[in-house]
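See structure below.
Only this structure's heavy atoms are used, side chains among them; waters, hydrogens and symmetry mates stay out. It should be emphasised that the depicted structure is a prediction, and the values quoted were computed from it without experimental measurement. To find a chain, count down the sequence lines: A is the first, B the second, and so on, and within it residues start at 1.
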Amino acid sequence: MHPERTELTELVLDVVDQVPPGRATTYALVAEAVRARTGHGHARHVGAVMATYGAEVPWWRVVRADGTLPRPLRERAMAHYREEGTPLSPFVPGRVELRHALWDAPTCWEAPAGVRPADA
DNA sequence: GTGCTGACACAGG
DNA sequence: ACCTGTGCCAGCA
């Protein structure tokens, strides 16, 4: 079959789909995970993919490096965060507390035997 | 090929 | 916390 979606798109969606409920990752980290497989990929492209195909995956679990999302998206993500119990900043409404919620895909996948990221 | 756009990141102000 | 400018690079006109 002829992929309408590029390889990059498929990989991005695949990665985002694996972020567990109640946790979140960033555009840059998703890009890093994709880059580990394909050799290329950039946070900006992850955003581009999400803008088009985001509805197919738990898009609210991918946030900016500072834990926020653009205005309109932030509003819609709130319901999901509340339902999943995603850690949010007590000071900035709608901002994910990455300190507690971050899910680092690359380290989870690439961790060689015996080497594990220090988790909470 | 050229040029603009963007659900980003980062440094400044 | 907000906004601005710069770097980034795949997709699209």
Side-chain angles (χ1 to χ4, degrees):
Chain A
M1 47 219 258
H2 48 148
E4 281 207 12
R5 308 156 149 192
T6 63
E7 177 186 14
L8 182 65
T9 297
E10 291 293 343
L11 264 313
V12 168
L13 296 179
D14 187 48
V15 172
V16 175
D17 202 45
Q18 300 189 44
V19 181
R23 310 285 302 276
T25 189
T26 70
Y27 292 92
L29 285 172
V30 172
E32 193 178 320
V34 170
R35 197 162 52 240
R37 289 184 172 185
T38 67
H40 56 85
H42 188 277
R44 213 123 202 214
H45 307 144
V46 174
V49 170
M50 294 301 282
T52 306
Y53 304 99
E56 301 178 19
V57 292
W59 55 265
W60 57 92
R61 296 176 196 155
V62 184
V63 298
R64 287 175 177 162
D66 67 354
T68 67
L69 277 175
R71 203 54 153 80
L73 295 176
R74 182 178 84 66
E75 302 299 325
R76 270 178 262 151
M78 280 308 299
H80 292 290
Y81 293 152
R82 200 159 55 92
E83 189 178 289
E84 298 182 359
T86 305
L88 299 176
S89 164
F91 293 101
V92 186
R95 172 173 161 173
V96 174
E97 191 67 75
L98 288 177
R99 201 169 92 143
H100 301 302
L102 184 63
W103 184 78
D104 192 340
T107 50
C108 288
W109 293 353
E110 295 187 77
V115 181
R116 281 180 168 282
D119 68 89

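- Here the C1' atom of nucleotide B:dA9 and the CG atom of A:L98 are 14 Å apart, to the nearest Å.
- Put simply, the side chain of A:P58 reaches to within 4.5 Å of the side chain of A:D17, judged on heavy atoms.
- A:V63 is listed as a side-chain neighbour of A:L98, based on a closest heavy-atom distance under 4.5 Å.
- A:A28 comes within 4.0 angstrom of the backbone, heavy atoms only, and of no base.
- In this structure, A:M78 atom CE and B:dA7 atom P are separated by 22 Å, rounded to whole Å.
- Taking both residues in full, the closest heavy atoms of A:R61 and A:E84 are given as NH2-OE2, 2.7 Å, listed atom of the first, atom of the second, then distance.
- When distances are taken from the side chain of A:R64 to each of B:dA7, B:dA9, C:dC9, the shortest belongs to B:dA9.
- Across the protein-nucleic acid pair, A:Y53 atom OH and C:dA10 atom C1' stand 12 Å apart, rounded to whole Å.
- When heavy atoms are screened at a 4.0 angstrom cut-off, A:L73 is found touching base atoms of the nucleic acid.
- Distance from the side chain of A:R95 is smallest to C:dA1 among B:dA7, C:dA1, C:dC9.
- A:L11 CG to A:R35 CZ: the interatomic distance, rounded to the nearest 0.5 Å, is 12.5 Å.
- Here B:dC8 presents its P atom at 21 Å from NE2 of A:H40, a figure rounded to the nearest Å.
- Residue A:V62 is out of contact with every strand shown, counting any heavy-atom pair closer than 4.0 Å.
- Distances from the side chain of A:P70 to the nucleotides B:dA7, C:dA1, B:dG6 place B:dA7 closest.
- The A:L8 side chain lies nearest to C:dA10 when the options are B:dA9, B:dA7, C:dA10.
- Note: NE2 (A:H80) to C1' (B:dA7) measures 14 Å, nearest angstrom.
- For C:dC8, its base never sits under 3.5 Å from the side chain of A:H42 at any donor and acceptor pair.
- In this entry the distance linking CD of A:E75 with P of B:dA7 reads 17 Å, nearest Å.
- The distance from atom CG of A:L69 to atom C1' of B:dA7 is 7 Å, rounded to the nearest whole Å.
- The side-chain heavy atoms of A:M50 and A:L73, taken from C-beta on, include no pair separated by under 4.5 Å.
- Heavy atoms of A:R71 sit nowhere under 4.0 angstrom from any nucleic acid atom.
- The distance from atom OH of A:Y27 to atom P of C:dC9 is 19 Å, rounded to the nearest whole Å.
- One finds no side-chain N or O of A:R44 lying less than 4.0 angstrom from the OP1 or OP2 phosphate oxygen of C:dG7.
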